[in-house]
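Worksheet: one structure, shown below.
Computed from a prediction, not measured in an experiment: that's the story for all the values here. Letters go in sequence order (proteins before strands), and every chain restarts at 1.
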Protein chains: 2
Amino acid sequence: MSNSVQQSGGGAGKSQGVPSPRQLVSALVADGLLTDPDSPRGRLLNAAARLFEQKGFARTTVRDIAAEVGILSGSIFHHFASKEEILCGVMREVTVFARARMEQAVARAGTPRQQLRACIVCELEAIHGLAVPGFSILVVEWRSLSPQSQKRVLRLRDDYEQLWRDVIAAAGNPCEDPALARRLLLGALTHTHTWFKPRSRGLSLPELADRVLQLFAPAG
Amino acid sequence: MSNSVQQSGGGAGKSQGVPSPRQLVSALVADGLLTDPDSPRGRLLNAAARLFEQKGFARTTVRDIAAEVGILSGSIFHHFASKEEILCGVMREVTVFARARMEQAVARAGTPRQQLRACIVCELEAIHGLAVPGFSILVVEWRSLSPQSQKRVLRLRDDYEQLWRDVIAAAGNPCEDPALARRLLLGALTHTHTWFKPRSRGLSLPELADRVLQLFAPAG
DNA sequence: TTGAATACCAAGCGCTTGCTTGGTAGCGTT
DNA sequence: AACGCTACCAAGCAAGCGCTTGGTATTCAA
């Protein structure tokens, strides 16, 4: 259990070594991969992500989202063509950020087994809102997206999944099929969303990660 | 907690050997645990289950459900107090039936490991619409239920889960915590809903069940 | 023959929804 | 000073929603 929650560094610090979440966002914004969270569009995306996660897409109204950032509902449509476009935007941003974060964590890990553990921790943190706000929307609200929007998000999503599959394959897994292992693992991890409370006493997140790792890579 | 597999005796279908699904339904109807599927209420529940599974609760209108059984939308409210009551009813019926079915399968299996496999097969079949229509609604639409409705369904749901936990405990599992194992397993199995196609060539359902069993009870 | 119960129709109410329209205030550029 | 761009407001439309109301046809027991 070395480690592993990196410290979320202070606001502006240009540090050497491990970049903070905020620095990662800035870098991705600079690369044009993420929307600036301080722009009107970015603020709307963040507010929508929060609400979609809390109440679900269908029960979140554009009026809710607008109120969250302090504008009127109609004004939203100067930034997005439709409500679904907002969901689509949220999913794209979440996917890009989660992938970048996991890439970092893998690069920082040592052995293949530690890399797999890093992925598990990463995704658990994301699912439980400790690192990637809105991540659970990707799973829960997938059906709220139209087929063509699904296609667009799926391309980014596959980058994320490919990283997982590579790590699993390198770690050597019990069922000898990285894609299958990932699918079972993904299900197990996302479902923790409904029962696991990372802040409660009892099972901690790193402990849970170890249990899962033990299951999917028993050679420990 | 020991226990608990009793066979739910039939009110009506007195056959020897293994009862068919239809006989099981009849028995449960006779015991007052299930709504007669030929009654107006039963027909509505079945239609609603089908639609909720296809399009989701939020995007299914009471007009859709009414049209499915050939009545007008207003007439629904002579059978249910609200749309949510329909969802609640569907979930209760699905849970009761799935539990009875799994009980049968467990009773029919030999060793504890075979019992665990029977549970896995049972749930996979349920999830993929091969045995318990509407089962996936239990997972996907859980948040569409009001807190008090959730409580009511949860009581039935816990019977179902207890059966699982007993079987897992008896089989001896890798992480020595039946509740945790069940949760990870539940996530893995329900998530197959999004990717596994039981009718396609490639991985078959029994094969998938074996892979999962191997993972959660490696002592094979 | 009556009366109550069941199952449904016909019509529509009141509300919420996503989204549109026309206009304006502020700001940076030329 | 004039322009254009961004960001937003004020007002409201059309459609769809869950649900209500008042009434009718059928059935069956008393």
Would you say the side chain of [Y] lies within less than 4.5 Å of the side chain of [X], judging by non-hydrogen atoms?
| X | Y | value |
| --- | --- | --- |
| A:Val62 | A:Phe77 | yes |
| B:Glu123 | B:Trp164 | yes |
| A:Val106 | A:Cys119 | yes |

Is it the case that more than 12 heavy atoms not belonging to A:Arg92 sit under 6.0 Å from its CZ atom? no
Footprint ends on DNA chain C, 5' to 3', for atoms under 4.0 angstrom from a heavy atom of chain A, come out as C:dT17 to C:dT20
For A:Arg165, is there an ion pair with A:Asp177 - N to carboxylate O distance below 4.0 angstrom? no
With a 4.0 Å cut-off, would you call B:Glu161 and B:Arg157 a salt bridge? yes
Specify the residues of residues 59-71 of chain B, ordered by number, for which at least one heavy atom lies under 4.0 angstrom from an atom of DNA chain C. B:Arg63, B:Gly70, B:Ile71
Take atom CZ of B:Phe80 and atom C1' of D:dT20, then tell me their distance rounded to the nearest Å. 18 Å
For B:Ser82, which contact category applies under a 4.0 Å heavy-atom criterion: base, sugar-phosphate, or nothing? sugar-phosphate
Less than 3.5 Å apart, any donor N or O on the side chain of B:Gln162 or B:Asp166 sitting next to an acceptor on the other? yes
Give the minimum heavy-atom separation between B:Pro37 and B:Asn46, together with the two atoms involved. CB-ND2, 3.7 Å
Quick one: is A:His79 getting a side-chain N or O under 4.0 Å of the D:dC8 phosphate, OP1 or OP2? yes
